[in-house]
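Working notes for the structure below.
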Amino acid sequence: MMRSEWKRGEYSISTDKSRLDLNVIHRFLTTSYWAAGRSIETVRRSIDNSIPFGVYKADQQVGFARVITDYATFAWIADVFILEAFRSQGLSKWLMKVIISHPDLQGFRRWVLATKDAHELYRKFGFTELKLPERWMERHDPNTQERPDYWAGKSDA
């Protein structure tokens, strides 16, 4: 995949991994409801094995998302955030538009993501609840370092 960059006023979105501020990403993710406890090494490995989209105001990273894909049939959008001080400026909508329209991410059979509180944002980009959730399964590894709220109170038995 070639590196890409989009500009809008004083903001930019880039897939250049060298621009990412790993500390900003880790600090946000480790306190998020979905990635609580994620180590910086796991964040680094997850970025190395996906397409990262950094959102910047000049050189300051203010947002992030990544796409996990086989480049043929499937894409998973993960770890999406805009820092609180930069919200309500349309950056999350712009980020999603850039991701969905990226030339290397076209023609897939399925895009998926998981969210607790941003359903309306994602609906604007064609996302819906799972059409046939009974066909989906998941496996939780009880030995993971992460403590997302998703598994809180869930029995592993």
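Worth knowing before you read on, the calculation uses all heavy atoms, side chains too, and leaves out hydrogens, waters and symmetry mates.
- Without hydrogens or angle criteria, Thr31 side chain to Phe28 main chain gives a donor-acceptor distance under 3.5 Å.
- Side-chain contact check for Asp16 versus Glu5: every heavy-atom pair is 4.5 Å or farther apart.
- The shortest distance between side-chain heavy atoms of Phe64 and Val24 does not fall below 4.5 Å.
- Here the shortest heavy-atom pairing between Leu20 and Gly54 reads CD2-CA, 4.0 Å.
- Scanning both residues, Arg19 and Gln61, for their nearest heavy atoms gives O-OE1, 4.4 Å.
- If you chain together hydrophobic residues whose side chains sit under 4.5 Å apart, Val62 and Leu22 fall into the same group.
- With a 6.0 Å radius and a threshold of 12 heavy atoms from other residues, nucleotides or ligands, Arg135 has its CZ atom at or below the threshold.
- Distance CG/Leu83 to CD1/Ile25: 10.0 Å, rounded to 0.5 Å.
- A 4.5 Å side-chain heavy-atom check between Tyr71 and Ile51 finds at least one atom pair inside the cut-off.
- Stacking of Lys57 on the aromatic ring of Phe86 is not recorded, the 6.0 Å distance cut-off and the 45° axial limit not both being met.
- Closest of all the heavy-atom pairs between Ile68 and Ala78 is CD1-CB, 3.8 Å.
- Looking at Ser50, its side chain does come within 3.5 Å of a backbone N or O of Ser46 through a donor-acceptor pair.
- For residues 74-85, the set of pairs meeting the salt bridge (charged side-chain N to carboxylate O under 4.0 Å, His left out) definition, not counting sequence neighbours, comprises Arg38-Asp79, Arg66-Asp79.
- Side-chain contact between His102 and Trp6 is present, with at least one heavy-atom pair separated by less than 4.5 Å.
- Here the straight-line distance linking atom CG of Asp70 with atom CH2 of Trp76 works out to 14.0 Å at 0.5 Å rounding.
- Contact record, Ile82 with Arg87: O-NE, 2.7 Å, taken as the closest heavy-atom pair.
- In this structure, the side chain of Gln106 engages the main chain of Ile100 through a donor-acceptor pair within 3.5 Å.
- Among all heavy-atom pairs drawn from Gln89 and Tyr11, the shortest one is OE1-OH, 2.9 Å.
- Counting all heavy atoms, side chain and backbone alike, Ala75 lies closest to Val67 at CB-CG1, 3.9 Å.
- Interatomic distance, Ile77 CD1 to Phe53 CZ, rounded to the nearest 0.5 Å: 8.5 Å.
- Rounding to the nearest 0.5 angstrom, the gap separating the OG atom in Ser92 from the CZ atom in Phe81 is 12.5 Å.
- To the nearest 0.5 Å, atoms OG1 (Thr30) and CD1 (Ile40) are separated by 9.5 Å.
- In this structure Phe74 satisfies the ring pair (Phe, Tyr, Trp, His ring centres under 6.0 Å) test with no other residue, sequence neighbours excluded.
- Residues Val80 and Tyr122 are in side-chain contact: their nearest non-hydrogen atoms beyond the backbone lie under 4.5 Å apart.
- One distance of note links CG of Leu113 with NE2 of His119; it measures 8.5 Å at 0.5 Å rounding.
- Using a 4.5 Å heavy-atom threshold, the side chains of Thr115 and Tyr33 count as touching.
- The side-chain contact (heavy atoms from CB on, under 4.5 Å) search around Glu41 returns Ser39, Arg44, Arg45, not counting sequence neighbours.
- With contacts defined as side-chain heavy-atom distances shorter than 4.5 Å, the pair Phe127/Met96 qualifies.
- Contact annotation: the side chain of Thr73 never approaches that of Arg110 to less than 4.5 Å [non-hydrogen atoms, C-beta and beyond].
- No more than 12 heavy atoms of other residues, nucleotides or ligands lie within 6.0 Å of CG in Asp59, so this atom counts as exposed by the packing criterion.
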